[in-house]
Protein chains: 2
Amino acid sequence: MAVEKNEVSLTTIQRLKQVAQSEFMKHGYAATKTRDIAEKAGVNLALMNYHFRSKENLFEIIMRENIDKLFSFILPTISDKDTSLSQKLDLLSEQYIATIIDEPSLPIFVLTEIQHNPERFGNQIRFKSEIMESAYLAQLKQADPDTDPVQHLITYLGILLFPFFMKPVLSASGKVSEQGFKASMAERQKQAPAWMKRILGIF
Amino acid sequence: MAVEKNEVSLTTIQRLKQVAQSEFMKHGYAATKTRDIAEKAGVNLALMNYHFRSKENLFEIIMRENIDKLFSFILPTISDKDTSLSQKLDLLSEQYIATIIDEPSLPIFVLTEIQHNPERFGNQIRFKSEIMESAYLAQLKQADPDTDPVQHLITYLGILLFPFFMKPVLSASGKVSEQGFKASMAERQKQAPAWMKRILGIF
DNA sequence: AATAAATTTAAACAGATGTTTAAAACATTT
DNA sequence: AAATGTTTTAAACATCTGTTTAAATTTATT
């Protein structure tokens, strides 16, 4: 009995999760060391296993949250039957870039780890029902009946997310600063919907 | 003296490189074990170090080749001053998708490892001179003077490459087969230039 | 054929790394 | 205050993993 979720244990668990999230994102699962997580969280090494059983289990918890952050959070927007396609494109651009801008390595992290372990994480994306049968997809199909709407969905995701994949390249080549990247993403946030509307031929 | 590059050592080295390439692409650098490479190449463990000095050195060789495969191979196309922007967009779509279709995990692999080790690999992309001063970029600027041409470059790369990033997600969700993916990429190969031309407002 | 060089092998090394153990410290309940 | 449960710690364990060594084998040179 005794404690359910007291102050101390919560902050310990949260510190571990925070540091784990940061380390996993920076180095990927395999290159992240439990000792680094413990050290940077300022807790004893064995505490990680006490609270999370194993590195793998901790990782799975983190992954679940990040997959949600990358895919599931847009479900309300794309499922809304009361907004037009044009409005959805505006909203998606705004929401996606605003969400990812502060965690720019999230997309590449999630997609990399899904690729390294497809059987484990692939099915966590509620792709079939919620996305495939969304109003968004139907509206894409209506706007361009000749093209598989999934292709347009991928294209728009690419327009919104691909710059985050290229960020390390741009940064390392000394071509773009942190400031400059954020500015260019703010600009893209405004232009992306218009670009997609031109592709779809809607105005 | 003696041997320079005889039959046997070449095939051993090539087998090691082939397997290393495949293993690094599947699991990433950190999760790839030297023992796996040796075993799958059918050579003794120590031979890898004899021929390549270290796992890291072998990886760097592989990476150099893959960065070229992802970025440098388009330099002739984008530098050509005798082709129009429209022609370049056609060529890029054709070349990029044809090159990557047989190695679909190449883009995510390269960009992930650049992110994990930006100082080492980031500067290997000849971004400044060859790309920034290319005819392609000038023509993008001319077509849309109000937008940073680098942004259009990134957008088009996203349209062409992002589906490869999504492939594990689509596959794992059981929504798309290997066959289906290739077919959709063939379709995209045809449509992508038209989409980009609509974004740029050229016809 | 004899010698030298290059390649391959089996075995071991050294350090890293995820995890466990057993005890201590701390908090809660009775 | 004693007893019970929870959290934290230091240390050790067991395995994995990149690399090296020294000898054997194969290939090339003279």
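FYI, side chains are in, hydrogens and waters are out, and symmetry mates aren't considered; it's all heavy atoms of this structure. A note on names: the letters A, B, ... follow the listed sequences, proteins ahead of strands, and every chain is numbered from 1. Note that the structure is predicted; figures quoted are calculated from it, not measured.
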Spacing of [X] atom [atom1] relative to [N] atom [atom2], expressed in whole Å:
X	N	atom1	atom2	value
A:N49	C:dA22	CG	C1'	15 Å
B:H51	C:dA6	NE2	P	12 Å
A:F52	C:dG18	CZ	P	16 Å
B:L16	C:dT7	CG	P	13 Å
B:L58	D:dT17	CG	P	17 Å
B:R35	D:dC16	CZ	P	10 Å
B:R53	D:dG18	CZ	C1'	14 Å
B:I37	D:dT17	CD1	C1'	12 Å

#### Entry: Check ion pair A:R120-A:E56 (N to O, under 4.0 angstrom)
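Answer for the salt bridge query: yes.
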### Task
May I ask you to decide whether A:R188 forms a salt bridge with B:D148, counting only side-chain N to carboxylate O separations under 4.0 Å?
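Salt bridge flag = no for B:D148 with A:R188.
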### Task
Examine B:F181 together with B:F164 and report whether their ring centres are nearer than 6.0 Å.
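Here the rings of B:F164 and B:F181 have centres that are less than 6.0 Å from each other.
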### Query
Between B:F121 and B:F59, does the ring centroid distance fall short of 6.0 Å?
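Between B:F59 and B:F121, which both carry aromatic rings, the centre distance is below 6.0 Å.
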### Task
Take the C1' atoms of the five end pairs on each side of the helix from C:dA1-D:dT30 to C:dT30-D:dA1, get both axes, and report the angle to 10 degrees.
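One end axis against the other gives 10°.
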### Query
Quick one: which of C:dT19, D:dT19, C:dA6 gets closest to the side chain of A:K55?
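Of all the options, the side chain of A:K55 is nearest to C:dT19.
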So, [X] and [Y]: side-chain donor and acceptor under 3.5 Å apart, yes or no?
X	Y	answer
B:K55	B:T34	no
A:S84	A:Q139	no
A:K88	A:T77	no

### Query
Want to settle it: does A:L47 or B:Y29 sit nearer the 5' end of DNA chain D, counting the closest nucleotide to each?
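Counting from the 5' end, the first nearest nucleotide belongs to A:L47.
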### Query
Relative to the 5' end of DNA chain D, which residue comes earlier, A:L45 or B:A30, by the nucleotide with the nearest heavy atom?
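The answer here is A:L45.
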### Message
Taking only side-chain N and O atoms of A:N44, does any of them lie within less than 4.0 angstrom of OP1 or OP2 on D:dA10?
### Response
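Checking A:N44 against D:dA10: at least one side-chain N or O falls below 4.0 Å of OP1 or OP2.
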### Query
Of B:A46 and A:T34, whose closest DNA chain C nucleotide lies nearer the 5' terminus?
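Closer to the 5' end of DNA chain C: B:A46.
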